[in-house]
Amino acid sequence: MSGTAEKLSVTVEALREQIRRLQAAPRKYLAALRTGVEAFDALLPGGGLPLGQVVELWGEAASGRTSLALRAVAAAHREGRLCAYVDGPGELYPPAAVAAGVDPSRLLIVRPKTAEQLAWSAVQLVRSGAFACVVLDLTRGPAGQGTGGVRLSPAEGKRLMDAATRGGSLLLLLTAPEAPGDGMMRLRTEARGDSGLTVEVVRSRQGGIGSRTLMPWSALYPELADSEAPWGTELLPAESVTVPELVREERPEREGHRGILGQRPGRDAPMPSLRASLDSGAALH
């Protein structure tokens, strides 16, 4: 056996051993994502935000919905896992996210250009299984589209729930009062001035409907005093960030069925032939 082949064999066996250890490890901790905010986690039927489900944080602006979502992302980052944030309004403020414990190197921020692309983007991210938590902000659409909140269609809601179940990820929907979503669990958030915020379970398949808790702002922002709110009379302006657009290969129109509205997400580029793949693999050796 050559030296290269021997190294390859050792690497493959090491990977197999890691997979065996992961499969044998207890997985109870994967059932829920605990934010570390005790009052909030205790409110939830499973003691945390359930993975593999869609949870809706429903409330007015400045009601604490984004703060709770960022705490969930930070909790996943503490476990060394990746997260994604589909930023509909385009107003996620990176310094505020870092202050909440978010690790920028483990967060993918996606900013679609149209409201129609919001749900599609989230489905692809959740279905991949690569992200422990995906946040979909529907409180406003891109560039003012859907200023009162983007409402999902029943078909989009079903696709999101199916994707979360298959991918095993937690999908957090941030929604406005006038445009509720269709999460398996709906939590209503409401600011109570300097006292903090209340969170109420208004929909849940696991029970606990009607349960409510009041959390001081200092539970979400430990650096604040108990009677201090996390904002003043004005919010800091968001920095303008340009997100590069992916370049798509121009292809001639083909006859026949091409999917809904002629789109085939994920199959816009030609697939390499098996011979080309084998040849490129042989070239590496």
Side-chain angles (χ1 to χ4, degrees), residues 15 18-35 41 44-58 65-66 68-88 92 97 102-112 116-138 150 152-175 181-187 203-206 246 259-260 263-269:
L15 289 174
Q18 289 184 23
I19 292 173
R20 284 194 289 268
R21 286 201 302 267
L22 288 172
Q23 291 175 337
R27 300 183 182 183
K28 184 177 179 180
Y29 73 96
L30 291 176
L33 183 62
R34 292 170 175 79
T35 64
D41 292 338
L44 304 173
L49 292 165
L51 297 182
Q53 294 190 25
V54 179
V55 177
E56 181 182 358
L57 298 177
W58 178 52
R65 60 195 177 190
T66 302
L68 287 171
L70 292 177
R71 286 301 297 260
V73 170
H77 286 170
R78 287 195 297 271
E79 298 292 333
R81 305 176 73 182
L82 302 176
C83 297
Y85 199 108
V86 182
D87 187 11
L92 179 64
V102 171
D103 180 357
S105 67
R106 294 182 179 274
L107 179 64
L108 173 66
I109 300 176
V110 181
R111 285 174 174 160
E116 291 75 14
Q117 295 173 343
L118 290 173
W120 185 88
S121 300
V123 167
Q124 308 313 309
L125 294 168
V126 175
R127 184 183 292 166
S128 72
F131 303 94
C133 177
V134 176
V135 180
L136 173 56
D137 190 343
L138 298 171
V150 178
L152 297 175
S153 68
E156 288 173 327
K158 185 178 186 304
R159 281 194 290 269
L160 287 169
M161 286 191 280
D162 289 344
T165 301
R166 294 180 183 182
S169 302
L170 165 66
L171 174 60
L172 289 177
L173 298 180
L174 306 186
T175 59
D182 193 17
M184 298 178 179
M185 178 184 295
R186 177 180 294 164
L187 305 175
R203 176 194 290 172
S204 175
R205 296 182 180 180
Q206 299 173 322
L246 295 178
I260 300 174
Q263 300 298 319
R264 296 186 65 189
R267 294 296 300 275
D268 290 335

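Remember, it's a predicted structure, so these values are computed and weren't measured experimentally.
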Legend entry - Nearest heavy-atom neighbours spanning Arg65 and Thr175: NH1-O, 3.2 Å
Legend entry - Taking every non-hydrogen atom, the tightest pair across Leu136 and Ala122: CD2-CB, 3.9 Å
Inset, instruction - Quick one: pull up CG in Leu57 and CG in Leu173 and give me the separation to the nearest 0.5 Å. - result: 8.5 Å
Legend entry - Euclidean distance, Cys133 SG relative to Leu70 CG, rounded to 0.5 Å: 9.5 Å
Legend entry - Glu56 side chain vs Gly181 backbone, donor-acceptor pair below 3.5 Å: yes
Inset, instruction - For residues His77 and Leu107, determine if any side-chain heavy atom of one lies less than 4.5 Å from a side-chain heavy atom of the other. - result: yes
Inset, instruction - Measure the spacing between OH of Tyr85 and CG of Leu172 and express it to the nearest 0.5 Å. - result: 9.5 Å
Legend entry - Spatial distance of atom OG (Ser128) from atom CG (Leu82) [nearest 0.5 Å]: 9.5 Å
Inset, instruction - Give a yes or no on whether a salt bridge exists between Arg159 and Asp182, defined as a side-chain N under 4.0 angstrom from a carboxylate O. - result: no
Inset, instruction - Report yes or no: does Ser169 contribute a side-chain atom to a donor-acceptor pair with the main-chain N or O of Phe131 at less than 3.5 Å? - result: yes
Inset, instruction - Answer yes or no: does atom CZ of Arg78 have more than 12 heavy-atom neighbours from other residues, nucleotides or ligands under 6.0 Å? - result: yes
Inset, instruction - Can you see which heavy atom on Val102 is nearest to which on Pro104, and at what distance? - result: O-CD, 3.3 Å
Legend entry - Side-chain donor/acceptor of Asp87 to backbone N/O of Leu92, under 3.5 Å: yes
Inset, instruction - Looking only at non-hydrogen atoms, find the nearest pair between Thr35 and Ala75 and report the distance. - result: CA-CB, 4.0 Å
Inset, instruction - Enter the distance from Gln53:CD to Thr165:OG1 here, rounded to the nearest 0.5 Å. - result: 7.5 Å
Legend entry - Student check: side-chain heavy atoms of Leu49 and Met185 closer than 4.5 Å: no
Legend entry - side chain to side chain contact (heavy atoms under 4.5 Å, CB included) between Val55 and Leu44, intermediate numbers included: CA-CA 11 Å; Val55 177; Leu44 304 173; over 6 Å; no
Inset, instruction - Measure the shortest side-chain to side-chain distance between Val126 and Val54 over non-hydrogen atoms and say whether it is less than 4.5 angstrom. - result: no
Inset, instruction - Quick one: pull up CG in Leu171 and CE in Met184 and give me the separation to the nearest 0.5 Å. - result: 9.5 Å
Legend entry - Nearest atoms (heavy-atom pairs only) where Gly183 meets Arg203: O-NH1, 3.0 Å
Legend entry - Arg34 to Gly46 - nearest heavy-atom pair and separation: NH2-O, 3.9 Å
